[in-house]
Protein chains: 2
Amino acid sequence: MARRQRSSLTDVAHAAGVSIATVSRAMSQPEMLRADTLERVRAAAARLGYRPDHVARTLASGKSHTVGVVIPTLNSPIFADTLQEMQRSLDAAGYQLLVASHEYDPAGEFAAVDKLLAHGIDGLVLVGGSRPEATWKLVESAGVPVVQMWCGRSDHACVGVDNHAAGELVARHLLALGHRRIAVITGRLRHNDRQRARLEGIRAALSEAGVALPAAYLTEQALSVPGGRVGCSILLELADRPTALIGTVDVIAIGAIAECHARGIAVPEEMSIAGIDNIELAAHVSPSLSSVEIPATRIGSETVERVLALIADMTKAGHVMLPIELVERHSTGRPGETR
Amino acid sequence: MARRQRSSLTDVAHAAGVSIATVSRAMSQPEMLRADTLERVRAAAARLGYRPDHVARTLASGKSHTVGVVIPTLNSPIFADTLQEMQRSLDAAGYQLLVASHEYDPAGEFAAVDKLLAHGIDGLVLVGGSRPEATWKLVESAGVPVVQMWCGRSDHACVGVDNHAAGELVARHLLALGHRRIAVITGRLRHNDRQRARLEGIRAALSEAGVALPAAYLTEQALSVPGGRVGCSILLELADRPTALIGTVDVIAIGAIAECHARGIAVPEEMSIAGIDNIELAAHVSPSLSSVEIPATRIGSETVERVLALIADMTKAGHVMLPIELVERHSTGRPGETR
DNA sequence: TTGTACGCGTTATCAT
DNA sequence: ATGATAACGCGTACAA
């Protein structure tokens, strides 16, 4: 029992010669007290090193001043940016962020949500809208405001981007450069609506241009640099080798560049490569990576704004679509004549 | 008040026709109940969708089954690895991880610790041992077990690596290759004992070899890829340009490689570059980065093991030093004869 | 302006 | 094996 070293309201009340209610007010509604009383209480509190107990406060008030966020993984530059900003914004508002991750496992997400809910969060933030009904049931039955990030179902608030459009943007960029043999490395599509939307966007742009996406030109890999390398090497083995390659996230695209480099394939001369996310590193690899800017930081701040609003009054908030844009760099170019 | 949709012990007790004590036992010590009673309670609980309230449980028991960790930033691959593993290990033990970050600001760290403590954490994890006395006072007065990661003061438990040795390793590697003009790009040294230790290690190795580290050969930059680029460009402007360059973290070293590449300086032919951390990306940049492996994941798991042990019995645990090793890749070579 | 007293949902200590 | 009931530390009507 670590507890009981810390002093409580009762201790301070005793020391200041007032009731615990007065001390409680001194902490939350100072203006309700007479100046001298307030001073006396504060002095006593300071002397005893009193610190309010958040747990008791939560139990009594029903508000924990805490919002929970469940993300697929901590190990992603894009999520890290968003989290960082969420933490900042929430902190500024006197809230605490509770993070849980689940490694792209639906059961793990359910467990994480359950745990967070039990911890008495005031608001919940999820990534994407695709999850088992059981999980949705759980959060709905808890009566806690939810906001989805990146993309999500229409029956709950969402702050995100048009992932479908992001896919179209990269694909069209490559098409405009003259590519016709365009291959795609995605993350696992199962349980990942962001990936699916991006891929669909790519598909739409290609078919619109009368370009096919053969099954052999599509490979699902881990959302990591090694994943990108593996995917790239598979595509490079093809008899009818593509002239361009889309990674549905930058880390995959960066892996693809690495693999080409390792095999002595010139980028973009022999192979154009583009990604989506525009993570910081994209500008610094060589060649620098053409990508689609996803405003991760802003997703974080807007999301926080949303949850806090929902916590304040349970007004239904709608969907917010943040702008995205193509960032052309040096990893993409016209298809080589050689072939 | 979102609360009060969820059913409580009382509700279940009522529904099952038993006392709340019995329900409580059904949840925590099922073996104490008669089989049929247990069954009845469980049925009622399931029917009402009962979920124990962690907050109330914490208040009553004095244990929150939660450990807090305060890190400099979420935006670092090395910390991300550690956090990921901590989350995994803690989850397996039925604990929840509470993360806070402070962007390398001591005041921010104090605030974060204060907040975490108020939230009733059972254990606290910090990075490094260098912080204002006020912060140490705070955690000590809270009576919560603490373990430091990476490195730390001797009066508290610590799971880390020998950062000094890490610095020595890279420096010696470069010295062994024949370099004599070795420059260093570190992160900000203030409030960062890991960086200081690494730099001191480098200094020690250099002076041992009779090689000087002129002030001009040392630059403090942000712990990021752009930071590495800036640092590198400064060092490249020098009249007496170094032949090798150490980034005290891999992201900085990777930035340096990017800068050399942008300027058409061949690595390692014209400039050798090495880092510390051995993040995943190090193996995939080109040229691949020579680095010192820091077992980030293992730091996470061992740290968790330690806090949990300390929480179980307040026995003082000592310092654990995890092994590190040099990983030679292709960003380092013998100094060019040209000059 | 300040004090009293009850409730928040559990755990834990006594009884029974 | 099960039931009362007092904490836990705080918020907050309601009284004074």
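Note on naming: letters A, B, ... go to the chains in the order of the sequence lines (proteins, then strands), and numbering restarts at 1 for each one. It should be emphasised that the depicted structure is a prediction, and the values quoted were computed from it without experimental measurement.
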Just N and O in the side chain of Arg57(B): are any of them under 4.0 Å from OP1 or OP2 of dG9(C)? no
Look at Ser24(A) and dC10(D) and indicate whether a side-chain polar atom (N or O) is within less than 4.0 Å of OP1 or OP2. no
Can you list every pair that meets side-chain hydrogen bond (donor to acceptor under 3.5 Å, both in side chains) and has a residue in residues 33-50 of chain B, with sequence neighbours left out? Arg34(B)-Asp36(B)
What orientation do His54(B) and His65(B) show, parallel under 30°, tilted 30 to 60°, or perpendicular over 60°? perpendicular
Using whole Å, what does the distance between atom [atom2] of nucleotide [N] and atom [atom1] of [X] come to?
X: Asp11(A); N: dC8(D); atom1: CG; atom2: C1'; answer: 13 Å
X: Leu9(B); N: dG3(D); atom1: CG; atom2: P; answer: 13 Å
X: Leu59(B); N: dC10(D); atom1: CG; atom2: P; answer: 9 Å
X: Lys63(A); N: dC10(D); atom1: NZ; atom2: P; answer: 19 Å
X: His54(B); N: dT11(C); atom1: NE2; atom2: C1'; answer: 13 Å
X: Arg40(A); N: dT1(C); atom1: CZ; atom2: P; answer: 15 Å

For Gln148(A), check side chain to side chain donor-acceptor pair (under 3.5 Å) against everything at least two apart and list the hits. none
The correct set of residues in residues 26-39 of chain A placing a heavy atom under 4.0 Å from DNA chain D is none
Can you see which heavy atom on Leu117(A) is nearest to which on Val139(A), and at what distance? CD2-CA, 4.1 Å
Begin with the C-alpha distance, continue with both residues' side-chain angles, and end with the deciding distance and a verdict on side-chain hydrogen bond (donor to acceptor under 3.5 Å, both in side chains) for Thr66(A) and Gln96(A). CA-CA 5 Å; Thr66(A) 283; Gln96(A) 163 83 20; over 6 Å; no
Anything under 3.5 Å between a donor and an acceptor, one on a side chain of residues 108-115 of chain B, the other on a protein residue two or more places apart or in another chain? List them.
from      : atom 1 : to        : atom 2 : distance (Å)
Glu109(B) : OE1    : Arg131(B) : NE     : 3.0
Glu109(B) : OE2    : Arg131(B) : NE     : 3.1
Glu109(B) : OE2    : Arg131(B) : NH2    : 2.7
Asp114(B) : OD1    : Arg51(A)  : NH1    : 3.0
Asp114(B) : OD2    : Arg51(A)  : NH1    : 3.1
Lys115(B) : NZ     : Asp91(A)  : OD1    : 3.2
Lys115(B) : NZ     : Tyr95(A)  : O      : 2.9

Every protein N/O lying under 3.5 Å from an N/O of nucleotides 3-5 of chain C:
from   : atom 1 : to       : atom 2 : distance (Å)
dG3(C) : OP2    : Ser19(A) : N      : 3.0
dG3(C) : OP2    : Ser19(A) : OG     : 3.1
dG3(C) : OP2    : Thr22(A) : OG1    : 2.2
dG3(C) : N7     : Arg25(A) : NH1    : 3.2
dG3(C) : O6     : Arg25(A) : NH2    : 2.4

Evaluation steps, side chain to side chain contact (heavy atoms under 4.5 Å, CB included), between Ser130(B) and Arg196(B): CA-CA 11 Å; Ser130(B) 165; Arg196(B) 285 199 299 271; 3.4 Å; yes
Filter on ring pair (Phe, Tyr, Trp, His ring centres under 6.0 Å), then keep only pairs touching residues 8-46 of chain B, sequence neighbours left out; what's left? none
Ala56(A), nearest nucleotide to its side chain (from dG9(C), dC10(D), dG11(D)): dC10(D)
Yes or no on side-chain hydrogen bond (donor to acceptor under 3.5 Å, both in side chains) for Glu305(B) and Ser301(B), after CA distance, side-chain angles and deciding distance? CA-CA 6 Å; Glu305(B) 195 176 300; Ser301(B) 56; over 6 Å; no
